[in-house]
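For reference, the structure is listed below as structure tokens.
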Amino acid sequence: MKQIGTIVDGNELPVTGRESTSRTPDSARAGDQVPEKVSEPHPTTIIRAPTLSMKSLAHAMRELFEYRDLLYTLSVHRLKVRYKQSVLGPTWAILQPLLLMLIFTVVFSRIVRLPSDGIPYALFAYSALLPWTYFSSSLSSATNSLVSHFSLVTKVYFPREILPLTYVIAGLIDFLLASLVLGALLVYYHVSLTVHAFMAIPTIAVLTVFTVAMSFVLSTIQVRYRDVGVAMPLILQLWMFATPIVYPLSVVPNRWRGLYELNPMVGIVESLRRVIVQGLPPDFHALGVSAAVSAILLPIAFLYFKRAEATVADII
Amino acid sequence: MSDLVLDHVSKRYSVQHRVEVKNGWRALRQRFRELRGRTDEFWALRDVSFEVARGETLGIIGHNGAGKSTILKLLSKVTTPTSGEIRIGGRLSALIEVGSGFHPELTGRENIYLSASIMGMRRREIVEKLERIIDFSGVGDFIDTPVKHYSSGMYVRLGFSIAAHLEPDILLLDEVLAVGDATFQAKCLDRINQLHGEGRTIVFISHDLASVERLCGRVLLLDHGQVIASGSARDVIETYWEAGRTRRSSEQLDRSVECSREVEVRSVTCHDASGQEATAFRTGSPVTVRLKYAAHVTMADVIVELYVHSIVAGQYGAWFQLTTASGGNGEPLRLEQGDGEIEFDIDELALLPGVCQLSARIAHQGQPSNKAIDWLHNCLTLRVDPGKSVRGTFYTPHRWRLVRASHRLESERMEHSPLATSSSGGK
């Protein structure tokens with residue numbers, strides 16, 4: 001079995017040939033390359049081979065916190081670079097779901113005439129395309145994030161999860177921008193928000209958690225098997241049609257509903273549409289499934305990512 | 001107290017061998033196995049232990065593939081050891097490839113933020129140091145221009161400027177000194193000396209023995225992933241170079257293949273002023289290179305050449321050449337059947353302290369460079385010790401005289417002396 005290394009804080013594991021170190025608990029906690037102040041007593045970093053535990057999870061999170069400035073800078077950079085040499089700039093964030101909405105409206109409402117639970121089809125489609133675009137564009141760029149930053153990953157250390165995370169953050173900003181159009185559509189169709197609209201916030205939180213977790217898993221696999229990146233557009237296409245975006249959840253036969261709702265995107269997309277456009281409470285059952293899946297997946301995905309991170313530079 | 005401890009560190013890499021398998025399911029499974037890395041493995045480092053004390057400057061040398069870059073990667077946390085552990089006391093920064101993390105579309109200023117945060121600087125720290133970084137880099141008004149419009153010099157300077165402001169407790173140095181122009185190298189060295197003066201720990205991993213000797217108090221010699229020597233820079237470099245020499249002779253003078261071999265080079269040796277065979281010379285000292293050959297037939301149009309080059313570059317990147325084509329009347333050499341010797345005299349050795357290798361070539365006049373009568377690659381390794389003049393990229397023999405003085409005209413020619421060198425060869 002190939003051993004995979006990990007970076008562990010010094011005081012967390014018994015050291016073979018244990019040595020007493022004169023570190024204060026404080027400096028031990030900041031066991032990283034970036035201390036708060038340079039004048040502090042030298043924190044000790046210990047680099048060693050593999051462990052997989054809750055403690056390493058805690059350590060990884062502390063380390064990520066230490067590097068929050070990099071997360072911020074890189075996310076801003078993501079947004080800046082994306083539109084640097086384009087004429088329309090950030091307008092693209094809005095255009096993407098907007099154009100898809102127009103196409104779907106023409107095809108599925110004028111030509112095929114799909115039901116839309118009595119909502120104007122444009123509004124119906126856009127309210128679902130909004131979270132979907134956030135999910136799919138974040139995921140497809142995050143999947144390639146480690147590989148595309150090959151030259152950095154093999155030269156400098158920083159918590160690697162920052163790379164996929166920045167794509168998700170950039171996706172979230174685009175999502176918020178594109179939400180403005182949803183607001184305009186609501187006004188245009190004279191739909192007023194109800195108190196249930198507040199449920200959009202936890203729904204978006206679940207969506208973000210799920211996107212992050214998926215990004216961790218897929219970007220790690222992509223390092224070893226580039227097949228993932230190639231298959232991504234196809235997978236996302238299939239996934240979109242397995243989610244109630246162009247059609248309402250109500251057309252899914254009841255006996256398939258249980259299986260169908262295992263797709264976490266179902267609960268998210270459906271609930272968001274219900275709370276914003278229909279003024280109804282979220283689909284608690286489906287959203288509950290999404291939240292549960294996301295909450296279980298995230299720590300596992302993060303651990304998996306951190307474990308692979310230790311040797312990612314050897315394989316990439 | 002030790003700043004840096006490597007405790008029985010080993011690192012294993014998997015090597016992927018591409019095996020051609022017929023089509024179908026087995027090929028797919030084979031491919032899967034390959035990508036999982038369950039193939040051959042090799043140990044880049046085996047049970048390496050050493051400590052670096054605070055304020056010490058440690059050099060790590062070794063041949064290509066000895067494990068130097070693996071140590072660099074482990075120390076900078078880019079990868080982790082297979083077994084053993086590394087303890088680092090304090091903030092460690094690597095002065096590696098300058099400008100990593102630059103994005104061409106972003107301006108210089110934006111790239112400072114980006115690159116510095118990747119290297120582990122906090123935002124607040126960057127804001128504080130921004131002006132100093134810009135000043136140091138000397139890119140001036142271009143700081144708000146996208147770096148894709150920068151000259152390569154500006155690019156390197158900006159990158160180094162960021163790296164130079166990292167203020168680590170432990171500084172990790174790669175072959176950075178090998179890139180960039182002389183000014184840049186001097187800036188690097190100044191900064192390194194300054195950090196050393198501040199009591200920072202420095203680990204310098206390099207091929208460049210001269211710089212290692214100049215900078216490092218202690219040197220480790222790596223070979224096949226193990227530390228085989230450790231001690232003062234002088235001693236270890238000596239060992240390294242001895243090891244290189246014995247390896248040469250045991251390999252029976254590495255001969256290239258496309259040679260017709262009517263004449264063969266038997267040996268290449270160097271001799272000092274007293275005719276004594278030697279392998280270490282001082283800059284500016286006289287050297288006689290003696291090449292022994294055996295001619296199996298008489299040949300009329302022969303050129304004998306010696307290439308002097310660095311260990312890394314090989315003879316195609318030779319520093320200079322000694323050739324029979326330039327000496328005498330420029331006529332090709334006639335070699336009678338039988339054994340013989342050719343001597344090349346160098347009055348004053350132009351090389352600065354370091355290590356060089358010699359390659360010998362015997363060829364017909366005008367023969368293309370991919371063919372020869374005989375060609376010996378890297379047949380001799382020499383060490384050059386500090387002698388005359390140390391600044392610049394090579395030493396050039398020169399004389400000087402005082403032409404006009406205030407009270408009387410003087411045109412006294414002075415012979416070259418150590419005093420004269422230090423006054424005229426300084427800059």
Side-chain angles (χ1 to χ4, degrees), chain A residues 1-8 10 13 15-17 19 21-23 32-36 38 40-50 66-74 76-77 80-81 84-85 149 151-158 162 224-227 309-315, chain B residues 1 3 5 7-14 16 32 35-38 41 54 73-94 96-97 100-101 103-106 110-111 113-126 146 167-170:
Chain A
M1 171 71 197
K2 192 174 153 57
Q3 271 189 314
I4 297 176
T6 184
I7 294 152
V8 184
L13 284 156
V15 180
T16 359
E19 288 166 42
T21 43
S22 59
R23 281 178 286 123
D32 287 294
Q33 287 190 304
V34 187
E36 265 299 312
V38 187
E40 266 183 16
H42 295 272
T44 302
T45 312
I46 299 211
I47 308 170
R48 65 155 93 217
E66 289 286 335
Y67 274 88
R68 62 191 179 277
D69 284 3
L70 177 59
L71 181 62
Y72 171 80
T73 309
L74 264 181
V76 172
H77 158 81
K80 269 188 192 158
V81 166
K84 205 89 194 198
Q85 276 257 339
H149 289 81
S151 59
L152 274 186
V153 167
T154 52
K155 283 193 199 94
V156 194
Y157 178 78
F158 53 89
I162 285 177
R224 219 179 253 282
Y225 307 103
R226 301 285 150 87
D227 311 61
E309 174 195 79
T311 49
V312 99
D314 304 343
I315 309 160
Chain B
M1 162 169 189
D3 246 5
V5 180
D7 194 356
H8 300 282
V9 170
S10 298
K11 176 70 186 177
R12 182 180 53 197
Y13 280 110
S14 304
Q16 293 184 11
F32 203 69
L35 290 181
R36 288 190 75 173
R38 303 261 168 98
E41 47 190 40
R54 174 146 315 151
K73 282 192 169 164
L74 287 174
L75 289 180
S76 55
K77 279 171 73 172
V78 163
T79 186
T80 48
T82 310
S83 64
E85 70 172 34
I86 300 167
R87 292 190 286 277
I88 300 166
R91 173 168 168 172
L92 181 145
S93 292
I96 44 162
E97 207 165 300
S100 49
H103 195 288
E105 299 286 349
L106 297 179
E110 289 167 327
N111 268 307
Y113 277 100
L114 183 66
S115 185
S117 12
I118 289 170
M119 290 181 177
M121 236 191 254
R122 299 296 281 269
R123 243 189 119 68
R124 199 184 44 201
E125 206 181 333
I126 302 170
E167 295 184 12
D169 300 315
I170 305 166

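To find a chain, count down the sequence lines: A is the first, B the second, and so on, and within it residues start at 1.
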Query raised in the report: How far does CZ of A/Arg68 sit from CZ of B/Arg122, to the nearest 0.5 angstrom?
Result: 4.5 Å
Query raised in the report: What pair of heavy atoms forms the shortest contact from A/Ala313 to B/Val78, and how long is it?
Result: CB-CG1, 3.4 Å
Requested in this report: With rounding to the nearest 0.5 Å, note down the distance linking CE in B/Met121 to CG in A/Asp69.
Outcome: 12.0 Å
Query - Engaged part of A/Val312 at the chain B interface, taking heavy atoms whose separation is under 4.5 Å - result: neither
Query - Non-hydrogen side-chain atoms of A/Asp314 and B/Lys11 separated by less than 4.5 Å - result: yes
Report task. Go through the atoms of B/Ile170 and report whether side chain, backbone, both or neither lie under 4.5 Å from a heavy atom of chain A. Result -> neither
Requested in this report: With rounding to the nearest 0.5 Å, note down the distance linking CD1 in B/Ile88 to CD1 in A/Ile47.
Outcome: 3.5 Å
Query raised in the report: How far does CG of B/Leu92 sit from OH of A/Tyr157, to the nearest 0.5 angstrom?
Result: 13.0 Å
**Report entry** Pairs of heavy atoms under 4.5 Å with chain B: top-ranked of A/Val76, A/Thr154, A/Leu71, A/Leu74
**Finding:** A/Thr154
**Report entry** Atom pair CD1/OG1 of B/Ile118 and A/Thr73 - distance to nearest 0.5 Å
**Finding:** 9.0 Å
Requested in this report: Starting at CG of A/Leu152, measure out to CE of B/Met119 and round the result to the nearest 0.5 Å.
Outcome: 9.0 Å
